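This one's a predicted model, so the numbers in the text were calculated from it and none came from an experiment. Lettering of chains follows the sequences in order, A, B, ..., and the numbering in each one begins at 1.
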Amino acid sequence: MVAPSVVHWFRLDLRIHDNLALRNAINEAENRSHILRPIYVIHPEAKNRIGGNRLRFLIQSLNDLDANLRKLNSRLYILRGDASKCLPKVFKKWNVKYLSLQVDIDPEYIKQDEVIEKYCEENDIFVVKRVQHTVYDVHSVVKKNNGSIPLTYQKFLSLVKDTQVKEPIEVTKVLSEGCKPVDFDCKDYDVPTFSQLDFDESSLLECKYEGGETEALKRLNVYMAKKQWVCAFEKPNTSPNSIEPSTTVLSPYISHGCLSAKLFYHKLKQVESGNRHSEPPVSLMGQLMWREFYYTAGSGTENFDKMVGNPVCTQIPWKKNDEYLKAWAEGKTGYPFVDAIMRQLKQEGWIHHLARHMVACFLTRGDLWVSWEDGAKVFEDLLLDYDWSLNAGNWMWLSASAFFYKYFRVYSPVAFGKKTDKEGLFIRKYVPELKKYPTEYIYEPWKAPKSVQTTAGCVVGVDYPKRIVDHDKIHKENMQKMSAAYKLNKEKKSLKRPRPD
DNA sequence: ATACACGTTGTCGCA
DNA sequence: TTGCGACAACGTGTA
(Lines give C-alpha, C1' and ligand atoms only; values in the text may rest on other atoms or scores of the structure.)
Protein backbone atom coordinates (compact mmCIF):
# COMPACT_ATOMS: atom_id res chain seq x y z
CA MET A 1 0.00 0.00 0.00
CA VAL A 2 1.35 3.40 -1.04
CA ALA A 3 1.58 5.95 1.79
CA PRO A 4 -1.32 8.44 1.64
CA SER A 5 -0.63 11.76 -0.09
CA VAL A 6 -1.71 15.35 0.08
CA VAL A 7 -1.74 17.37 -3.16
CA HIS A 8 -1.68 21.11 -3.71
CA TRP A 9 -2.59 21.88 -7.29
CA PHE A 10 -0.95 25.11 -8.50
CA ARG A 11 -2.70 26.91 -11.35
CA LEU A 12 -2.88 30.70 -11.25
CA ASP A 13 -1.18 30.89 -7.85
CA LEU A 14 2.47 30.34 -8.73
CA ARG A 15 3.81 31.48 -5.40
CA ILE A 16 4.56 30.45 -1.84
CA HIS A 17 3.66 33.69 -0.06
CA ASP A 18 0.05 34.37 0.87
CA ASN A 19 -0.97 30.95 -0.39
CA LEU A 20 -3.43 29.63 2.18
CA ALA A 21 -4.39 26.60 0.12
CA LEU A 22 -0.74 25.57 -0.01
CA ARG A 23 -0.34 26.09 3.72
CA ASN A 24 -3.44 24.00 4.37
CA ALA A 25 -1.89 21.18 2.36
CA ILE A 26 1.44 21.46 4.16
CA ASN A 27 -0.24 21.37 7.56
CA GLU A 28 -2.40 18.43 6.57
CA ALA A 29 0.64 16.47 5.39
CA GLU A 30 2.60 17.29 8.54
CA ASN A 31 -0.21 16.54 10.98
CA ARG A 32 -1.04 13.19 9.44
CA SER A 33 2.48 12.29 8.33
CA HIS A 34 1.34 12.08 4.72
CA ILE A 35 3.37 12.65 1.58
CA LEU A 36 3.17 16.20 0.16
CA ARG A 37 2.97 16.65 -3.62
CA PRO A 38 2.70 20.22 -4.92
CA ILE A 39 1.78 19.78 -8.58
CA TYR A 40 1.38 21.79 -11.78
CA VAL A 41 -0.26 20.34 -14.87
CA ILE A 42 1.06 21.35 -18.28
CA HIS A 43 -1.14 20.60 -21.23
CA PRO A 44 0.85 18.93 -24.04
CA GLU A 45 -0.57 21.54 -26.40
CA ALA A 46 0.59 24.41 -24.17
CA LYS A 47 2.87 25.86 -26.79
CA ASN A 48 0.00 26.05 -29.26
CA ARG A 49 -2.38 27.49 -26.71
CA ILE A 50 -0.35 30.34 -25.34
CA GLY A 51 2.07 32.69 -27.06
CA GLY A 52 5.81 32.20 -26.85
CA ASN A 53 6.50 35.09 -24.51
CA ARG A 54 3.88 33.90 -22.07
CA LEU A 55 5.10 30.32 -22.29
CA ARG A 56 8.58 31.56 -21.39
CA PHE A 57 7.15 33.56 -18.49
CA LEU A 58 5.29 30.47 -17.29
CA ILE A 59 8.36 28.21 -17.44
CA GLN A 60 10.42 30.81 -15.58
CA SER A 61 7.70 31.08 -12.95
CA LEU A 62 7.55 27.31 -12.54
CA ASN A 63 11.32 27.07 -12.15
CA ASP A 64 11.25 29.78 -9.51
CA LEU A 65 8.36 28.08 -7.74
CA ASP A 66 10.25 24.78 -7.74
CA ALA A 67 13.33 26.50 -6.29
CA ASN A 68 11.27 28.18 -3.56
CA LEU A 69 9.54 24.89 -2.69
CA ARG A 70 12.93 23.20 -2.42
CA LYS A 71 13.91 25.76 0.22
CA LEU A 72 11.01 24.28 2.22
CA ASN A 73 12.36 20.76 1.66
CA SER A 74 9.71 20.07 -0.98
CA ARG A 75 9.55 20.46 -4.75
CA LEU A 76 7.20 20.98 -7.68
CA TYR A 77 5.91 17.90 -9.48
CA ILE A 78 5.07 18.68 -13.09
CA LEU A 79 2.47 16.50 -14.76
CA ARG A 80 1.88 16.51 -18.50
CA GLY A 81 -1.57 16.04 -19.94
CA ASP A 82 -5.16 17.17 -19.75
CA ALA A 83 -5.81 17.82 -16.05
CA SER A 84 -9.25 16.26 -15.97
CA LYS A 85 -7.82 13.02 -17.38
CA CYS A 86 -4.38 12.79 -15.81
CA LEU A 87 -5.25 13.86 -12.28
CA PRO A 88 -7.58 10.94 -11.47
CA LYS A 89 -4.81 8.59 -12.61
CA VAL A 90 -2.11 10.06 -10.39
CA PHE A 91 -4.51 10.49 -7.49
CA LYS A 92 -5.04 6.75 -7.56
CA LYS A 93 -1.35 5.99 -8.03
CA TRP A 94 -0.34 8.29 -5.16
CA ASN A 95 -3.21 7.32 -2.86
CA VAL A 96 -4.30 10.95 -2.54
CA LYS A 97 -6.54 11.79 0.44
CA TYR A 98 -6.52 15.58 0.37
CA LEU A 99 -6.47 18.17 -2.41
CA SER A 100 -6.05 21.90 -2.00
CA LEU A 101 -6.39 24.51 -4.71
CA GLN A 102 -7.12 28.16 -5.38
CA VAL A 103 -10.50 29.36 -6.60
CA ASP A 104 -10.06 30.47 -10.21
CA ILE A 105 -12.87 31.90 -12.28
CA ASP A 106 -11.64 31.42 -15.84
CA PRO A 107 -14.30 29.06 -17.31
CA GLU A 108 -11.56 26.69 -18.44
CA TYR A 109 -10.59 26.11 -14.81
CA ILE A 110 -14.19 25.99 -13.62
CA LYS A 111 -14.91 23.20 -16.10
CA GLN A 112 -11.85 21.23 -14.98
CA ASP A 113 -12.73 21.76 -11.33
CA GLU A 114 -16.17 20.25 -11.79
CA VAL A 115 -14.68 17.06 -13.20
CA ILE A 116 -11.97 16.83 -10.54
CA GLU A 117 -14.27 17.64 -7.65
CA LYS A 118 -16.73 14.99 -8.77
CA TYR A 119 -13.93 12.45 -8.91
CA CYS A 120 -12.73 13.49 -5.45
CA GLU A 121 -16.20 13.18 -3.98
CA GLU A 122 -16.60 9.68 -5.37
CA ASN A 123 -13.16 8.65 -4.13
CA ASP A 124 -13.16 10.11 -0.65
CA ILE A 125 -10.63 12.84 -1.36
CA PHE A 126 -11.11 15.91 0.79
CA VAL A 127 -11.05 19.11 -1.30
CA VAL A 128 -10.08 22.52 0.09
CA LYS A 129 -10.57 25.60 -2.14
CA ARG A 130 -9.37 29.04 -1.15
CA VAL A 131 -10.20 32.47 -2.51
CA GLN A 132 -6.78 34.02 -2.89
CA HIS A 133 -6.46 35.28 -6.46
CA THR A 134 -8.51 38.37 -5.72
CA VAL A 135 -8.60 40.78 -2.79
CA TYR A 136 -12.32 40.15 -2.28
CA ASP A 137 -14.47 37.08 -2.63
CA VAL A 138 -16.14 38.24 -5.82
CA HIS A 139 -19.05 35.84 -5.48
CA SER A 140 -20.02 37.38 -2.17
CA VAL A 141 -19.78 40.86 -3.73
CA VAL A 142 -22.36 39.78 -6.32
CA LYS A 143 -24.51 38.33 -3.55
CA LYS A 144 -24.31 41.63 -1.69
CA ASN A 145 -25.61 43.32 -4.83
CA ASN A 146 -28.70 41.07 -4.78
CA GLY A 147 -27.25 38.59 -7.23
CA SER A 148 -26.54 41.00 -10.07
CA ILE A 149 -23.13 42.29 -11.04
CA PRO A 150 -22.27 45.95 -10.43
CA LEU A 151 -22.18 47.65 -13.81
CA THR A 152 -20.26 50.71 -12.67
CA TYR A 153 -16.94 51.04 -10.90
CA GLN A 154 -18.37 53.37 -8.27
CA LYS A 155 -21.08 50.86 -7.48
CA PHE A 156 -18.45 48.18 -7.07
CA LEU A 157 -16.44 50.39 -4.71
CA SER A 158 -19.49 51.07 -2.58
CA LEU A 159 -20.13 47.32 -2.29
CA VAL A 160 -16.65 46.52 -0.95
CA LYS A 161 -16.16 49.73 1.04
CA ASP A 162 -16.65 48.15 4.47
CA THR A 163 -15.17 44.75 3.72
CA GLN A 164 -12.13 43.92 5.86
CA VAL A 165 -9.22 42.50 3.89
CA LYS A 166 -7.35 39.81 5.83
CA GLU A 167 -3.60 40.16 6.28
CA PRO A 168 -1.51 38.13 3.83
CA ILE A 169 -0.01 34.97 5.30
CA GLU A 170 3.54 33.65 5.15
CA VAL A 171 4.45 30.06 4.38
CA THR A 172 7.85 29.38 5.94
CA LYS A 173 7.62 26.00 7.65
CA VAL A 174 10.28 23.59 6.40
CA LEU A 175 8.83 20.17 5.69
CA SER A 176 9.83 17.05 7.65
CA GLU A 177 11.67 14.30 5.79
CA GLY A 178 8.66 12.04 6.32
CA CYS A 179 6.59 14.13 3.89
CA LYS A 180 8.92 13.35 0.97
CA PRO A 181 8.03 10.47 -1.34
CA VAL A 182 10.61 7.84 -2.34
CA ASP A 183 10.65 9.20 -5.89
CA PHE A 184 11.48 12.73 -4.68
CA ASP A 185 14.45 13.00 -7.04
CA CYS A 186 12.66 11.62 -10.09
CA LYS A 187 13.55 13.78 -13.11
CA ASP A 188 10.27 12.96 -14.84
CA TYR A 189 8.57 15.58 -12.69
CA ASP A 190 11.07 18.35 -13.45
CA VAL A 191 9.99 21.61 -15.05
CA PRO A 192 10.25 21.01 -18.80
CA THR A 193 12.79 22.80 -20.93
CA PHE A 194 11.68 24.55 -24.10
CA SER A 195 13.00 21.75 -26.25
CA GLN A 196 11.03 19.20 -24.21
CA LEU A 197 7.97 21.24 -25.10
CA ASP A 198 9.02 21.29 -28.76
CA PHE A 199 9.30 25.03 -28.51
CA ASP A 200 11.97 26.97 -30.37
CA GLU A 201 13.22 29.54 -27.89
CA SER A 202 15.33 31.29 -30.51
CA SER A 203 12.10 32.66 -32.01
CA LEU A 204 11.86 34.94 -28.96
CA LEU A 205 13.58 38.23 -28.39
CA GLU A 206 15.52 39.17 -25.29
CA CYS A 207 13.46 38.64 -22.13
CA LYS A 208 12.29 41.96 -20.73
CA TYR A 209 10.10 40.71 -17.88
CA GLU A 210 11.30 37.58 -16.13
CA GLY A 211 8.63 35.38 -14.58
CA GLY A 212 8.47 34.11 -11.01
CA GLU A 213 7.64 34.97 -7.43
CA THR A 214 11.16 36.11 -6.61
CA GLU A 215 11.13 38.65 -9.43
CA ALA A 216 7.57 39.68 -8.50
CA LEU A 217 8.48 40.51 -4.90
CA LYS A 218 11.60 42.34 -6.04
CA ARG A 219 9.56 44.47 -8.43
CA LEU A 220 6.87 45.10 -5.82
CA ASN A 221 9.46 46.29 -3.31
CA VAL A 222 11.22 48.55 -5.81
CA TYR A 223 7.97 50.38 -6.55
CA MET A 224 6.62 50.44 -3.01
CA ALA A 225 9.86 52.06 -1.89
CA LYS A 226 9.04 55.07 -4.10
CA LYS A 227 6.48 56.39 -1.65
CA GLN A 228 6.01 59.79 -3.24
CA TRP A 229 5.59 58.24 -6.64
CA VAL A 230 2.98 55.79 -5.36
CA CYS A 231 1.04 58.50 -3.49
CA ALA A 232 1.02 60.80 -6.52
CA PHE A 233 0.15 58.06 -9.04
CA GLU A 234 -2.65 58.97 -11.42
CA LYS A 235 -3.11 56.54 -14.26
CA PRO A 236 -4.42 58.99 -16.88
CA ASN A 237 -1.27 61.06 -16.38
CA THR A 238 1.11 58.20 -17.13
CA SER A 239 2.45 57.89 -20.64
CA PRO A 240 1.42 55.09 -23.01
CA ASN A 241 4.42 55.64 -25.23
CA SER A 242 7.44 56.19 -23.03
CA ILE A 243 10.42 54.06 -24.02
CA GLU A 244 10.56 52.45 -20.57
CA PRO A 245 7.22 51.61 -18.90
CA SER A 246 5.68 54.53 -17.00
CA THR A 247 3.76 52.13 -14.73
CA THR A 248 4.79 49.20 -12.51
CA VAL A 249 4.36 46.20 -14.87
CA LEU A 250 3.26 44.13 -11.91
CA SER A 251 0.32 42.84 -13.97
CA PRO A 252 2.00 39.71 -15.41
CA TYR A 253 3.01 38.69 -11.90
CA ILE A 254 -0.49 39.19 -10.52
CA SER A 255 -2.16 37.38 -13.40
CA HIS A 256 0.08 34.32 -12.93
CA GLY A 257 -0.27 34.56 -9.16
CA CYS A 258 3.46 35.15 -8.69
CA LEU A 259 2.34 38.16 -6.66
CA SER A 260 -0.62 38.02 -4.30
CA ALA A 261 -3.20 40.74 -5.01
CA LYS A 262 -3.85 40.83 -1.28
CA LEU A 263 -0.19 41.47 -0.49
CA PHE A 264 -0.16 44.29 -3.06
CA TYR A 265 -3.28 45.71 -1.42
CA HIS A 266 -1.72 45.78 2.04
CA LYS A 267 1.59 47.19 0.82
CA LEU A 268 -0.31 50.00 -0.87
CA LYS A 269 -2.31 50.67 2.29
CA GLN A 270 0.97 50.87 4.21
CA VAL A 271 2.51 53.35 1.78
CA GLU A 272 -0.63 55.48 1.63
CA SER A 273 -1.13 55.49 5.39
CA GLY A 274 -0.50 58.92 6.93
CA ASN A 275 0.27 60.50 3.57
CA ARG A 276 -1.81 62.53 1.18
CA HIS A 277 -2.40 60.28 -1.80
CA SER A 278 -4.40 59.88 -4.99
CA GLU A 279 -7.64 57.91 -4.85
CA PRO A 280 -9.46 55.36 -6.99
CA PRO A 281 -10.13 55.21 -9.83
CA VAL A 282 -6.84 56.84 -10.82
CA SER A 283 -4.58 55.74 -7.94
CA LEU A 284 -2.53 52.54 -7.87
CA MET A 285 -5.06 51.13 -5.40
CA GLY A 286 -7.67 52.12 -7.96
CA GLN A 287 -5.90 49.97 -10.55
CA LEU A 288 -6.11 46.97 -8.25
CA MET A 289 -9.80 47.71 -7.70
CA TRP A 290 -10.38 47.75 -11.46
CA ARG A 291 -9.11 44.21 -11.49
CA GLU A 292 -11.55 43.28 -8.72
CA PHE A 293 -14.33 45.04 -10.61
CA TYR A 294 -13.77 42.99 -13.77
CA TYR A 295 -13.35 39.76 -11.80
CA THR A 296 -16.68 40.42 -10.13
CA ALA A 297 -18.33 41.09 -13.48
CA GLY A 298 -16.70 38.07 -15.11
CA SER A 299 -17.58 35.64 -12.35
CA GLY A 300 -21.23 36.65 -12.35
CA THR A 301 -21.96 36.89 -16.08
CA GLU A 302 -22.70 34.12 -18.54
CA ASN A 303 -20.65 34.15 -21.74
CA PHE A 304 -18.65 37.10 -20.43
CA ASP A 305 -15.98 36.56 -23.10
CA LYS A 306 -18.50 36.59 -25.96
CA MET A 307 -20.95 39.06 -27.43
CA VAL A 308 -23.80 36.66 -28.21
CA GLY A 309 -25.50 35.35 -25.11
CA ASN A 310 -23.74 37.87 -22.88
CA PRO A 311 -26.41 39.82 -20.98
CA VAL A 312 -24.22 42.87 -20.31
CA CYS A 313 -22.85 43.19 -23.85
CA THR A 314 -24.48 45.44 -26.44
CA GLN A 315 -25.03 43.51 -29.67
CA ILE A 316 -23.09 45.27 -32.43
CA PRO A 317 -22.92 44.03 -36.04
CA TRP A 318 -19.12 43.78 -36.31
CA LYS A 319 -17.81 42.57 -39.65
CA LYS A 320 -15.46 39.64 -40.07
CA ASN A 321 -12.35 40.94 -41.81
CA ASP A 322 -9.29 38.73 -41.53
CA GLU A 323 -7.22 41.05 -43.67
CA TYR A 324 -7.81 43.98 -41.31
CA LEU A 325 -7.33 41.77 -38.27
CA LYS A 326 -4.02 40.46 -39.56
CA ALA A 327 -2.71 43.91 -40.48
CA TRP A 328 -3.64 45.14 -37.00
CA ALA A 329 -2.15 42.17 -35.17
CA GLU A 330 1.12 42.39 -37.08
CA GLY A 331 1.50 46.14 -36.76
CA LYS A 332 0.99 46.88 -40.45
CA THR A 333 -1.98 49.23 -40.49
CA GLY A 334 -0.02 52.14 -41.92
CA TYR A 335 -0.74 54.18 -38.79
CA PRO A 336 2.67 54.38 -37.11
CA PHE A 337 1.40 54.83 -33.57
CA VAL A 338 -0.93 51.84 -33.81
CA ASP A 339 1.76 49.74 -35.45
CA ALA A 340 4.40 50.69 -32.88
CA ILE A 341 2.11 49.59 -30.05
CA MET A 342 1.22 46.29 -31.68
CA ARG A 343 4.87 45.55 -32.40
CA GLN A 344 5.85 46.35 -28.83
CA LEU A 345 3.13 43.96 -27.69
CA LYS A 346 4.39 41.20 -29.93
CA GLN A 347 8.03 41.69 -28.96
CA GLU A 348 7.79 42.34 -25.24
CA GLY A 349 4.39 40.99 -24.17
CA TRP A 350 3.41 44.15 -22.36
CA ILE A 351 1.96 47.50 -23.46
CA HIS A 352 0.66 50.40 -21.38
CA HIS A 353 -3.01 50.42 -20.52
CA LEU A 354 -3.69 53.55 -22.60
CA ALA A 355 -1.87 51.99 -25.52
CA ARG A 356 -4.32 49.10 -25.21
CA HIS A 357 -7.12 51.67 -25.39
CA MET A 358 -5.68 53.11 -28.58
CA VAL A 359 -5.34 49.84 -30.47
CA ALA A 360 -8.56 48.29 -29.13
CA CYS A 361 -10.58 51.33 -30.14
CA PHE A 362 -8.88 51.31 -33.53
CA LEU A 363 -9.70 47.65 -34.22
CA THR A 364 -13.34 47.94 -33.17
CA ARG A 365 -15.59 51.02 -33.07
CA GLY A 366 -12.95 53.53 -34.08
CA ASP A 367 -11.68 52.34 -37.42
CA LEU A 368 -11.67 48.71 -38.54
CA TRP A 369 -15.08 47.60 -37.24
CA VAL A 370 -13.76 44.16 -36.33
CA SER A 371 -15.26 42.31 -33.36
CA TRP A 372 -13.69 42.83 -29.96
CA GLU A 373 -13.68 39.04 -29.58
CA ASP A 374 -11.12 38.78 -32.39
CA GLY A 375 -8.95 41.41 -30.75
CA ALA A 376 -9.27 39.71 -27.38
CA LYS A 377 -7.93 36.48 -28.86
CA VAL A 378 -4.85 38.27 -30.19
CA PHE A 379 -4.27 39.82 -26.75
CA GLU A 380 -4.72 36.40 -25.16
CA ASP A 381 -1.93 35.12 -27.33
CA LEU A 382 0.47 38.01 -26.86
CA LEU A 383 -0.03 39.50 -23.40
CA LEU A 384 2.12 38.27 -20.52
CA ASP A 385 -0.56 39.55 -18.18
CA TYR A 386 -3.43 37.90 -20.03
CA ASP A 387 -6.32 37.44 -17.67
CA TRP A 388 -9.69 36.09 -18.73
CA SER A 389 -11.93 38.56 -16.87
CA LEU A 390 -9.82 41.64 -17.45
CA ASN A 391 -9.30 40.94 -21.11
CA ALA A 392 -12.98 40.44 -21.93
CA GLY A 393 -14.07 43.30 -19.66
CA ASN A 394 -11.61 45.81 -21.04
CA TRP A 395 -12.39 44.87 -24.64
CA MET A 396 -16.07 45.45 -23.97
CA TRP A 397 -15.23 48.78 -22.34
CA LEU A 398 -13.13 50.00 -25.26
CA SER A 399 -15.55 48.81 -27.92
CA ALA A 400 -18.35 50.55 -25.97
CA SER A 401 -20.13 47.23 -25.66
CA ALA A 402 -20.45 47.34 -21.87
CA PHE A 403 -19.52 49.56 -18.89
CA PHE A 404 -18.67 52.49 -21.16
CA TYR A 405 -21.06 54.11 -23.61
CA LYS A 406 -19.64 57.39 -24.87
CA TYR A 407 -18.82 55.96 -28.24
CA PHE A 408 -18.17 59.38 -29.77
CA ARG A 409 -14.96 59.45 -27.75
CA VAL A 410 -12.74 57.99 -30.43
CA TYR A 411 -8.97 57.86 -30.08
CA SER A 412 -7.14 59.47 -32.97
CA PRO A 413 -4.19 57.38 -34.15
CA VAL A 414 -2.48 60.64 -35.07
CA ALA A 415 -3.33 63.01 -32.21
CA PHE A 416 -3.37 60.73 -29.17
CA GLY A 417 0.27 59.70 -29.14
CA LYS A 418 1.51 63.23 -29.77
CA LYS A 419 0.33 64.37 -26.36
CA THR A 420 3.09 62.43 -24.61
CA ASP A 421 5.61 61.90 -27.41
CA LYS A 422 5.83 64.82 -29.82
CA GLU A 423 9.04 63.62 -31.44
CA GLY A 424 7.68 60.13 -32.05
CA LEU A 425 10.59 58.41 -30.28
CA PHE A 426 8.34 55.47 -29.44
CA ILE A 427 7.44 55.04 -33.11
CA ARG A 428 11.08 55.32 -34.16
CA LYS A 429 11.97 52.50 -31.78
CA TYR A 430 9.25 50.01 -32.71
CA VAL A 431 8.74 50.96 -36.37
CA PRO A 432 12.38 51.40 -37.30
CA GLU A 433 11.71 51.81 -41.01
CA LEU A 434 10.33 55.26 -40.12
CA LYS A 435 13.29 56.14 -37.90
CA LYS A 436 14.60 58.89 -40.14
CA TYR A 437 11.29 60.63 -40.78
CA PRO A 438 11.04 64.29 -39.87
CA THR A 439 9.00 64.84 -36.72
CA GLU A 440 6.42 66.70 -38.77
CA TYR A 441 5.45 63.47 -40.56
CA ILE A 442 6.29 60.75 -38.05
CA TYR A 443 2.62 60.18 -37.12
CA GLU A 444 1.40 60.67 -40.69
CA PRO A 445 4.06 59.43 -43.11
CA TRP A 446 1.61 59.38 -46.04
CA LYS A 447 1.55 63.17 -45.88
CA ALA A 448 5.29 63.47 -46.47
CA PRO A 449 6.25 64.58 -49.99
CA LYS A 450 7.83 61.82 -52.11
CA SER A 451 11.24 63.48 -51.88
CA VAL A 452 11.09 63.46 -48.08
CA GLN A 453 10.06 59.80 -48.08
CA THR A 454 12.96 58.90 -50.36
CA THR A 455 15.48 60.85 -48.29
CA ALA A 456 14.20 59.13 -45.13
CA GLY A 457 14.70 55.78 -46.85
CA CYS A 458 11.12 54.67 -46.48
CA VAL A 459 8.55 55.09 -49.21
CA VAL A 460 4.95 54.64 -48.12
CA GLY A 461 3.38 51.80 -50.06
CA VAL A 462 6.78 50.20 -50.65
CA ASP A 463 8.80 50.08 -47.42
CA TYR A 464 5.89 50.79 -45.05
CA PRO A 465 2.19 50.07 -45.62
CA LYS A 466 -0.25 52.63 -46.92
CA ARG A 467 -2.81 53.40 -44.23
CA ILE A 468 -5.48 50.77 -44.14
CA VAL A 469 -8.38 53.20 -43.72
CA ASP A 470 -8.88 56.96 -43.65
CA HIS A 471 -9.47 57.56 -39.96
CA ASP A 472 -11.07 60.99 -40.36
CA LYS A 473 -13.71 59.57 -42.66
CA ILE A 474 -14.24 56.06 -41.30
CA HIS A 475 -14.61 56.95 -37.64
CA LYS A 476 -17.56 59.19 -38.45
CA GLU A 477 -19.25 56.38 -40.37
CA ASN A 478 -18.59 53.98 -37.52
CA MET A 479 -20.19 56.36 -35.04
CA GLN A 480 -23.35 56.20 -37.10
CA LYS A 481 -23.23 52.42 -36.99
CA MET A 482 -22.77 52.54 -33.22
CA SER A 483 -25.75 54.84 -32.91
CA ALA A 484 -27.89 52.45 -34.97
CA ALA A 485 -26.75 49.44 -32.92
CA TYR A 486 -27.55 51.23 -29.66
CA LYS A 487 -31.02 52.15 -30.91
CA LEU A 488 -31.77 48.54 -31.89
CA ASN A 489 -30.47 47.36 -28.55
CA LYS A 490 -32.71 49.77 -26.69
CA GLU A 491 -35.78 48.64 -28.62
CA LYS A 492 -35.04 45.00 -27.88
CA LYS A 493 -34.59 45.77 -24.21
CA SER A 494 -37.89 47.59 -23.92
CA LEU A 495 -39.60 44.64 -25.64
CA LYS A 496 -38.07 42.21 -23.17
CA ARG A 497 -38.97 44.28 -20.15
CA PRO A 498 -42.35 45.90 -20.80
CA ARG A 499 -43.41 48.51 -18.28
CA PRO A 500 -45.73 47.03 -15.70
CA ASP A 501 -49.12 48.80 -15.67
C1' DA B 1 -42.59 59.15 -10.23
C1' DT B 2 -39.42 61.70 -12.59
C1' DA B 3 -35.52 64.57 -13.21
C1' DC B 4 -30.86 65.17 -12.95
C1' DA B 5 -25.92 64.73 -12.07
C1' DC B 6 -22.16 62.02 -12.71
C1' DG B 7 -18.86 58.76 -14.35
C1' DT B 8 -10.41 56.60 -14.85
C1' DT B 9 -8.02 58.14 -19.20
C1' DG B 10 -11.28 61.87 -26.84
C1' DT B 11 -11.10 65.34 -30.40
C1' DC B 12 -11.91 69.42 -32.67
C1' DG B 13 -12.89 74.14 -33.26
C1' DC B 14 -13.31 78.37 -31.36
C1' DA B 15 -12.95 82.05 -28.04
C1' DT C 1 -1.67 78.87 -24.58
C1' DT C 2 -5.67 77.26 -22.20
C1' DG C 3 -10.50 76.35 -21.49
C1' DC C 4 -14.86 75.21 -23.06
C1' DG C 5 -18.88 73.18 -25.54
C1' DA C 6 -20.44 70.07 -29.08
C1' DC C 7 -20.56 65.46 -30.65
C1' DA C 8 -24.48 59.97 -32.21
C1' DA C 9 -24.96 57.83 -24.35
C1' DC C 10 -26.32 54.49 -20.48
C1' DG C 11 -26.61 52.85 -15.45
C1' DT C 12 -27.06 54.37 -10.92
C1' DG C 13 -27.75 57.16 -6.92
C1' DT C 14 -29.93 61.15 -5.09
C1' DA C 15 -33.36 64.74 -4.76
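- B:dC6 atom P lies 19 Å from atom NZ of A:Lys155, rounded to whole Å.
- What separates CZ of A:Arg365 from C1' of B:dG10 is a distance of 9 Å, to the nearest Å.
- In this structure, A:Lys418 does not pair ionically with A:Glu423, as no charged nitrogen and carboxylate oxygen lie closer than 4.0 Å.
- Taking atom CG on A:Asp367 and atom C1' on B:dT11, their separation rounds to 13 Å, with Å as the unit.
- The cationic atom of A:Arg11 (NZ for Lys, CZ for Arg) lies less than 6.0 Å from the six-membered ring centre of A:Trp9 and within 45° of the ring axis.
- The stretch residues 438-448 of chain A has no heavy atom under 4.0 angstrom from DNA chain B at all.
- Heavy atoms from other residues, nucleotides or ligands lying under 6.0 Å from NZ of A:Lys226 number more than 12.
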Query raised in the report: So what does the secondary structure string of DNA chain B come out as, 5' to 3', with Watson-Crick or wobble pairs under 3.5 angstrom, [ ] for crossing and | for pairs with another strand?
Result: .||||||..||||||
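- Checking A:Gln132 against A:Lys262 by side-chain atom types alone, no donor-acceptor pair falls below 3.5 Å.
- In this structure, A:Asn146 atom CG and C:dG11 atom P are separated by 18 Å, rounded to whole Å.
- Side chain to side chain, A:Ser255 and A:Asp387 fail the donor-acceptor criterion of an N or O pair below 3.5 Å.
- Checked against A:Tyr430 for a side-chain contact (heavy atoms from CB on, under 4.5 Å), the options A:Met342, A:Gln344, A:Lys346 give a single hit: A:Gln344.
- By the 5.5 Å and 30° criteria, A:Tyr153 is not stacked with the base of B:dT8.
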Report task. Report the C-alpha distance between A:Phe362 and A:Val370 in whole Å, list the side-chain angles of each, state the deciding distance to 0.1 Å, and finish with yes or no for side-chain contact (heavy atoms from CB on, under 4.5 Å). Result -> CA-CA 9 Å; A:Phe362 188 87; A:Val370 169; over 6 Å; no
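- Nucleotides B:dT8 and C:dA8, compared at atom C1', are 23 Å apart to the nearest Å.
- Checked for salt-bridge contact, A:Lys320 and A:Asp374 meet the test: a charged N lies under 4.0 Å from a carboxylate O.
- Remark: P of B:dT9 and CZ of A:Phe293 are 13 Å apart, rounded to the nearest angstrom.
- Judged purely by distance below 3.5 Å, without hydrogens or angles, the side chains of A:Tyr294 and A:Asn394 pair a donor atom with an acceptor atom.
- Going from atom CZ of A:Phe156 over to atom P of C:dG11 covers 20 Å, rounded to whole Å.
- At a threshold of 4.0 angstrom between heavy atoms, the contacts of A:Val410 are confined to the sugar-phosphate backbone, with no base atom among them.
- The same atom, P, is picked in B:dG7 and in C:dC4; the two are 15 Å apart, to the nearest Å.
- No donor-acceptor contact under 3.5 angstrom links the side chains of A:Asp385 and A:Tyr253, judged on distance only.
- Under the 4.0 Å criterion applied to side-chain N and carboxylate O atoms, A:Lys377 and A:Glu380 are not assigned as salt-bridge partners.
- Side-chain contact check for A:Glu170 and A:His17: no donor-acceptor pair (N or O, by modelled atom type) lies under 3.5 Å.
- Here B:dC6 presents its P atom at 18 Å from CG of A:Leu157, a figure rounded to the nearest Å.
- At a threshold of 4.5 Å between non-hydrogen side-chain atoms, the residues A:Cys458 and A:Gln453 do not count as touching.
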Polar-atom pairs under 3.5 Å, protein N or O versus N or O of nucleotides 5-9 of chain C: list them with distances, or write none.
| unit_1 | atom_1 | unit_2 | atom_2 | d |
| --- | --- | --- | --- | --- |
| C:dA8 | O3' | A:Tyr407 | OH | 3.2 |
| C:dA8 | N7 | A:Gln480 | N | 3.4 |

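- For residues 260-280 of chain A, no pair satisfies ring pair (Phe, Tyr, Trp, His ring centres under 6.0 Å), with sequence neighbours left out.
- Here the straight-line distance linking atom CG of A:Asn241 with atom NZ of A:Lys429 works out to 12.5 Å at 0.5 Å rounding.
- As judged by a 4.0 angstrom heavy-atom cut-off over every strand, A:Phe416 is placed among residues touching the sugar-phosphate backbone only.
- Using modelled atom types and a 3.5 Å distance limit, the side chains of A:Glu491 and A:Asn489 yield no donor-acceptor pair.
- In the set B:dT8, C:dT12, B:dT9, the nucleotide with an atom closest to the side chain of A:Pro281 is B:dT8.
- For DNA chain B, the neighbouring residues in residues 351-363 of chain A, judged by any heavy atom under 4.0 Å, are A:His353, A:Leu354, A:His357.
- Side-chain contact of A:Glu348 with A:Asn53: a donor-acceptor pair under 3.5 Å is absent, judged by distance alone.
- In this structure, CE of A:Met396 is placed 14 Å from P of C:dG11, rounded to the nearest angstrom.
- One P atom belongs to B:dA5, the other to C:dA6, and the distance between them is 14 Å to the nearest Å.
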Taking only nitrogen or oxygen atoms into account, show me every contact under 3.5 Å that the protein makes with nucleotides 1-3 of chain C, one pair per line with its distance.
none

